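The figures that follow rest on heavy atoms only: side chains count, while hydrogens, waters and symmetry mates do not. For clarity, every value in this text was computed on a predicted model and none was experimentally measured.
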Amino acid sequence: MTTSVSAAQARRIALAAQGFGRPRGAAPGIRQLDALIHRLGLLQIDSVNVFERSHYLPVFARLGAYEKADLDRLTFSTKARFTETWAHVASIIPVEDWPLWRWRMDWNRTRSENNPKSWIHANKPMLDWLRAELAEKGPLPAGKIEHESNRSKGSWWGWSDVKLGLEYLFFWGEVVSAGRTNFERSYALAEQVLPSDVLNVAIPRDAAIRELLLRATRHHGIGTVGDIADYYRIMKTWSAPVLAELAEEGLIDPVTVQGWETNGRPLTAYLDPTARIPRRLDAAALLSPFDPVVWERDRALRLFDFHYRIEIYTPAAKRVYGYYTLPILLDDQVVGRIDLKSDRQNRVLRVQSAWREPHAPPGFEQRLVPLLESTRDWQGLDSIAVVQRGDLADDLAGALGLVPAKYDPLST
C-alpha cells in the first residue's frame, strides 16, 4: 500500500486517472466517446460558446479531434445513452447512474417544500398543469409550451414561470431531459424517457453517497477529502466519515502528498488503489474552465501551482487574462492560459490573449502550434489570428508564422 506520494507523482496520478497520457489511434468514434464519459463519470454543462460549449472540450482535450455530432447522439438524442442531472452542477451522466441521484432529488424537493418563501408554494397549479401538459403531449422544450405565463422576466436568467416550474420538477426528478436541439433542452416526465430498470431502482442515500465517493476517488485518482467530495458536490461533513470508512475497508488508501498541507499540517488525502502512477506523462491539451482537472480551484493550485479564476462575470476593464481563458496543459504541468474565440462568421480562431506561467519551460509555444492548428480544424475554421496581449502572445504568433494584431481594449 502506498502511504506517501510526491507532488509530481500526484499530478501524474490525477492526470492519468482523468484519461490523459494515453496513446491516440484513429479518429475517435462512439465507442471511445462512451468509454471516456464513463471514465470521467460526467461532463459539466455550460452555455457559454464564445469558443466552444464546455461539455465538448474535455473530450477534445483527451481524445483529440472528433465529430461533435457523435457526442450529440450519445448525450442529447431522445434515446441517448446519457442523461442530465445536477451531479457536480448541471451535468451529463450515464443513464444507468440516474438512480444514484434520487436521494439528492428528494432532498431538493424537501428543501423547497420546507422553505415558506419558495416559489413552489404560490405556484402549485402551474406545477400540476405542467405535469398534465407533458403527460398529454410528451417531450417539449420550454419555449414550445403554450401558456400565458411563458414569458421571460428580463435578460439572462429571467426565466418564465413555465421554465421555473420545469426546472423545479427537473431538480426533483419528476421531469428529465429528453434531449437537446440547438442546445435547448426538451423536458419529459421521467417515465416517458427512462427505462423501467432505471426508473424503478431505489438506492438509499447512504449507499448512494458511499458509491459516489468511491467513484470520485477513482475519477480523481488521488485527492483530499474536499477534492473528492467536490467531484459530485457532496458535503464534506458527510464525505469525511464515509471516506475514512472506505479506507478502513481497504477500498481506498490514505496517503500524504508532499506540499499538500494547511497551517503546516498534512492534509488528509486518499489514493485509488488501482490508479496508475506513470513515470512520465505525454499530453498537450487546452482545458475547459469546467474540466474536472481544474474545476476545483484550490486543487488546481495544489496540483499545478496554478491560480485560476474565470473572468466571464468580471467587467472587461477589470479582467486580467481575458473573457474565457483556457489552461494550457503540457505533459504534467499547466504552463499557461489562452483566451480563445471562434469567430464563426469570418472563420477565424482568434487568440485574444496568451500568457505563460512563471514555471513554464522556454520555447513551449512550439508545442502549441499543432495543438492550435488541430483546434482550428476541429472548429471548422480556416485560419488563426493572434492579438498582442499577454506575455506569450508575441512568441506564439512567431511560432505560428503570424504578425500579432495590436490589442484594442475597446474590442473586448
Original post:
Strictly under 6.0 Å, is that where the ring centroids of His220 and Tyr231 end up?
Top reply: yes
**Verdict with supporting geometry, Asp291 and Leu326, side-chain contact (heavy atoms from CB on, under 4.5 Å)** = CA-CA 10 Å; Asp291 191 295; Leu326 294 90; over 6 Å; no
| request: Tell me whether the centres of the aromatic rings in Trp98 and Trp86 are closer together than 6.0 Å. | output: no
ask   = Glu174 versus Tyr168: any side-chain heavy-atom pair under 4.5 Å?
value = no
Contacts of Asp382 meeting side chain to side chain contact (heavy atoms under 4.5 Å, CB included) (sequence neighbours excluded), chain-then-number -> Arg347
**Request:** Verify whether one side chain among Asp206 and Trp103 offers a donor that lies under 3.5 Å from an acceptor in the other.
**Result:** no
Sequence neighbours excluded, the answer for side chain to side chain donor-acceptor pair (under 3.5 Å) partners of Thr83 is none
Judged by modelled atom types alone, do Asn49 and Tyr324 share a side-chain donor-acceptor pair under 3.5 Å?
-> no
Considering only heavy atoms from C-beta outward, does the side chain of Val48 approach that of Ile312 to under 4.5 Å?
yes
If you take the centroid of each ring, where Trp contributes its six-membered ring, are His359 and Phe306 closer together than 6.0 Å?
no
query: Side chains of Gln18 and Arg62: donor-acceptor distance under 3.5 Å anywhere?
result: yes
*Does Phe60 have its ring centroid less than 6.0 Å away from the ring centroid of His55?*
no
- prompt: Have Ser342 and Gln379 got a donor and an acceptor in their side chains that come within less than 3.5 Å?
  reply: yes
Worksheet item: Would Leu396 and Ile338 count as a side-chain contact (heavy atoms from CB on, under 4.5 Å) if you check the C-alpha gap in whole Å, the side-chain angles of each, and the deciding distance to 0.1 Å?
Response: CA-CA 10 Å; Leu396 180 59; Ile338 189 167; 3.9 Å; yes
Is there side-chain contact between Leu213 and Tyr270, with heavy atoms separated by less than 4.5 Å?
no
> What do you reckon, are the aromatic ring centroids of Tyr321 and Trp355 less than 6.0 Å apart?
Replying inline: yes
Return yes if a side-chain donor-acceptor contact under 3.5 Å exists between His38 and Glu96, otherwise no.
yes
